[in-house]
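Here is the structure we will look at.
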There are 2 protein chains.
Amino acid sequence: MTDELDTVEALAQISFVVQGTLEHRASEHGISLVQTRLLAILRDRKPTMNELALLLGLDKSSTSGLVDRAQRRGLVRRVPSQLDRRSVRVRLTEQGRLLVQVVTSAFADDVAAMLEPLSAEGRAALIGYVSEVLQAHTATHGVQFRTTATRQSGR
Amino acid sequence: MTDELDTVEALAQISFVVQGTLEHRASEHGISLVQTRLLAILRDRKPTMNELALLLGLDKSSTSGLVDRAQRRGLVRRVPSQLDRRSVRVRLTEQGRLLVQVVTSAFADDVAAMLEPLSAEGRAALIGYVSEVLQAHTATHGVQFRTTATRQSGR
DNA sequence: TATTGTTATACTCTATAACTATA
DNA sequence: TATAGTTATAGAGTATAACAATA
């Protein structure tokens with residue numbers, strides 16, 4: 001109960017630092033954290049508006065507005081579905097794909113630099129613990145969709 | 001270069017999960033993440049508006065509005081400074097102190113539960129690595145002020 | 001009737017620029 | 001003149017409720 005609170009503190013702080021880093025990189029390229037999340041989600045999906053709202057954890061109306069603004073910047077497109085004429089699919093434009101790539105790879109460099117002080121073994125151990133936590137959390141709570149981190153080739 | 005990217009992914013995901021957890025707890029009690037940060041900062045400070053803006057990393061006008069809304073809810077107070085009559089100090093009300101306590105302790109419970117799957121040794125190792133990273137980061141970049149995590153009695 | 005998505009409305013959060021009062 | 005803080009304005013992000021079109 002006593003040292004767990006210190007762990008809480010550490011986890012909270014690191015999460016603020018990581019998020020702040022991502023937000024900083026995003027704003028360097030003129031987009032917000034949420035817009036970055038949107039683009040990142042779309043890297044490997046062409047969801048309907050409803051699906052997108054679920055993935056983002058937002059109301060469909062909020063999602064609609066988010067897509068409006070991204071579309072106005074030429075980052076995404078609405079593609080009408082021909083199966084269900086009420087429905088649309090949202091997808092990245094080339095410009096959007098390029099932008100999310102630039103932002104997330106700069107971010108990945110930042111995080112890699114942040115982990116510099118650790119030894120290779122330290123990094124391996126850290127990722128092991130974090131993965132374990134994430135896996136359990138994902139099992140208990142909702143799906144853990146990739147949000148922002150760099151896309152990996154292999155895997 | 002290859003497994004570091006996986007570490008990036010893991011860190012990004014855990015930071016989203018942790019922030020999401022905090023935001024969820026905050027919204028349960030009717031306040032936003034930023035309001036929670038504001039209250040958390042004020043737990044052990046009575047900063048001027050300028051100092052507060054610096055701590056939050058926001059413009060003074062944004063900070064002023066933030067304090068307006070918190071004040072309207074009875075969570076903080078503006079105390080005029082008698083040294084410099086242009087200046088004010090911002091402080092928690094009892095209600096604000098109570099609220100931030102409730103939110104952060106619920107959050108701490110969430111994080112503790114999240115770390116359940118790890119052994120005691122695992123948690124200790126995790127906090128060790130994270131602390132190391134945070135310490136180096138703090139040295140290189142700005143000050144690391146406590147933002148949201150639970151206040152500890154001893155320490 | 002139910003579902004998909006948009007629109008109207010209202011509020012929070014944020015920054016820039018202009019302002020007031022004090023120093 | 002410079003500094004502390006507020007206000008005016010504009011835009012992003014969010015939710016709720018009402019709506020249109022399609023199923």
Side-chain angles (χ1 to χ4, degrees), chain A residues 19-20 22-24 26-41 46-91 99 147, chain B residues 16 19-20 22-24 26-41 46-91 99 147-148:
Chain A
Q19 295 274 309
L22 178 56
E23 185 163 27
H24 178 253
S27 89
E28 267 185 349
H29 293 89
I31 59 174
S32 70
L33 199 54
V34 181
Q35 290 285 339
T36 306
R37 260 187 94 200
L38 168 64
L39 301 186
I41 286 175
K46 299 202 224 344
T48 65
M49 200 58 82
N50 249 332
E51 290 165 352
L52 189 53
L54 253 148
L55 288 165
L56 287 163
L58 297 176
D59 189 85
K60 54 185 178 160
S61 66
S62 309
T63 308
S64 194
L66 208 59
V67 169
D68 280 349
R69 292 185 291 275
Q71 191 169 26
R72 210 177 302 142
R73 295 183 187 196
L75 303 175
V76 307
R77 269 181 35 203
R78 280 174 166 92
V79 182
S81 160
Q82 59 269 76
L83 301 174
D84 185 338
R85 288 189 0 246
R86 294 170 300 181
S87 192
V88 298
R89 293 203 166 268
V90 184
R91 48 164 302 179
L99 181 58
T147 6
Chain B
F16 271 101
Q19 295 275 309
L22 178 56
E23 185 162 27
H24 178 252
S27 89
E28 266 185 349
H29 293 88
I31 59 175
S32 69
L33 200 53
V34 181
Q35 290 285 339
T36 306
R37 261 188 93 201
L38 168 64
L39 301 186
I41 285 175
K46 299 201 227 342
T48 65
M49 201 57 83
N50 249 332
E51 291 164 351
L52 189 53
L54 252 148
L55 288 165
L56 286 163
L58 297 176
D59 189 85
K60 54 183 178 161
S61 66
S62 309
T63 308
S64 194
L66 208 59
V67 169
D68 280 349
R69 292 184 291 275
Q71 190 169 26
R72 209 177 304 140
R73 295 182 188 199
L75 304 174
V76 306
R77 267 180 36 201
R78 280 174 166 93
V79 183
S81 160
Q82 58 270 77
L83 302 172
D84 184 338
R85 293 201 339 259
R86 295 170 299 181
S87 192
V88 300
R89 293 202 165 267
V90 184
R91 48 164 302 178
L99 181 58
T147 5
T148 52

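The analysis underlying the following values was restricted to heavy atoms, covering all of them including side chains, and did not include hydrogens, waters or symmetry mates. Numbered from 1 within each chain, the chains take letters A, B, ... in sequence-line order.
- As a whole-Å value, the separation of A/Glu51 CD from C/dT3 P is 15 Å.
- Among the heavy atoms of the strands lying under 4.0 Å from B/Arg78 are primed sugar atoms or P, OP1, OP2 only; no base atom is included.
- Where DNA chain D meets chain A (any atom under 4.0 Å from a heavy atom), the bounding nucleotides read 5' to 3' are D/dA12 to D/dA23.
- In this structure A/Thr48 satisfies the side-chain contact (heavy atoms from CB on, under 4.5 Å) test together with A/Asn50, A/Glu51, A/Ser87, A/Arg89, sequence neighbours excluded.
- When the C1' atom of C/dC13 is taken as reference, atom CZ of B/Arg37 falls 13 Å away, rounded to whole Å.
- One interatomic measurement links the two molecules: CG of A/Leu33 to P of C/dC13, which rounds to 16 Å at whole-angstrom precision.
- By the side-chain contact (heavy atoms from CB on, under 4.5 Å) test, A/Arg85 is found to be paired with no residue, residues two or more places apart in sequence or in another chain being considered.
- Straight-line distance from the CD atom of A/Gln35 to the P atom of C/dT14: 16 Å, rounded to whole Å.
- The distance from atom NZ of A/Lys60 to atom P of C/dT4 is 8 Å, rounded to the nearest whole Å.
- Evaluated for a side-chain contact (heavy atoms from CB on, under 4.5 Å) with B/Leu66, the options B/Val76, B/Leu58, B/Leu52 yield exactly one hit, B/Leu58.
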Just the atom pairs and distances: protein N or O near nucleotides 20-22 of chain C's N or O, under 3.5 Å.
{"residue": "C/dT22", "atom": "O2", "partner": "B/Arg86", "partner atom": "NH1", "Å": "3.3"}

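- Residues satisfying the salt bridge (Lys or Arg N to Asp or Glu O under 4.0 Å) test with B/Arg91, not counting sequence neighbours, are none.
- Within the nucleic acid shown, A/Asp59 comes within 4.0 Å of at least one base atom, counting heavy atoms only.
- Looking at residues two or more places apart in sequence or on another chain, you find no side-chain hydrogen bond (donor to acceptor under 3.5 Å, both in side chains) involving A/Glu23.
- Residues passing the salt bridge (Lys or Arg N to Asp or Glu O under 4.0 Å) test with A/Asp59: none are found, sequence neighbours excluded.
- A residue-by-residue look at A/Ser32 and A/Gln82 shows that A/Ser32 has its nearest nucleotide of DNA chain D further toward the 5' end.
- Applying the side-chain contact (heavy atoms from CB on, under 4.5 Å) rule to B/Arg73 yields the partners B/Ile31, B/Leu75; only residues at least two apart in sequence or on another chain are considered.
- Within residues 61-70 of chain B, the residues having any heavy atom under 4.0 Å from DNA chain C are, by residue number, B/Ser61, B/Ser62, B/Leu66, B/Arg69.
- Under the 4.5 Å side-chain criterion, counting only non-hydrogen atoms from C-beta, A/Asp68 is in contact with A/Arg78.
- Atom NE2 in B/His24 sits 15.0 Å away from atom CD in B/Gln19 (nearest 0.5 Å).
- Shown here for A/Thr63 and A/Met49, the closest heavy-atom pair between the two residues is CG2-SD, 3.9 Å.
- Considering only residues two or more places apart in sequence or on other chains, B/Ser32 meets the side-chain contact (heavy atoms from CB on, under 4.5 Å) condition with B/Val34, B/Gln35.
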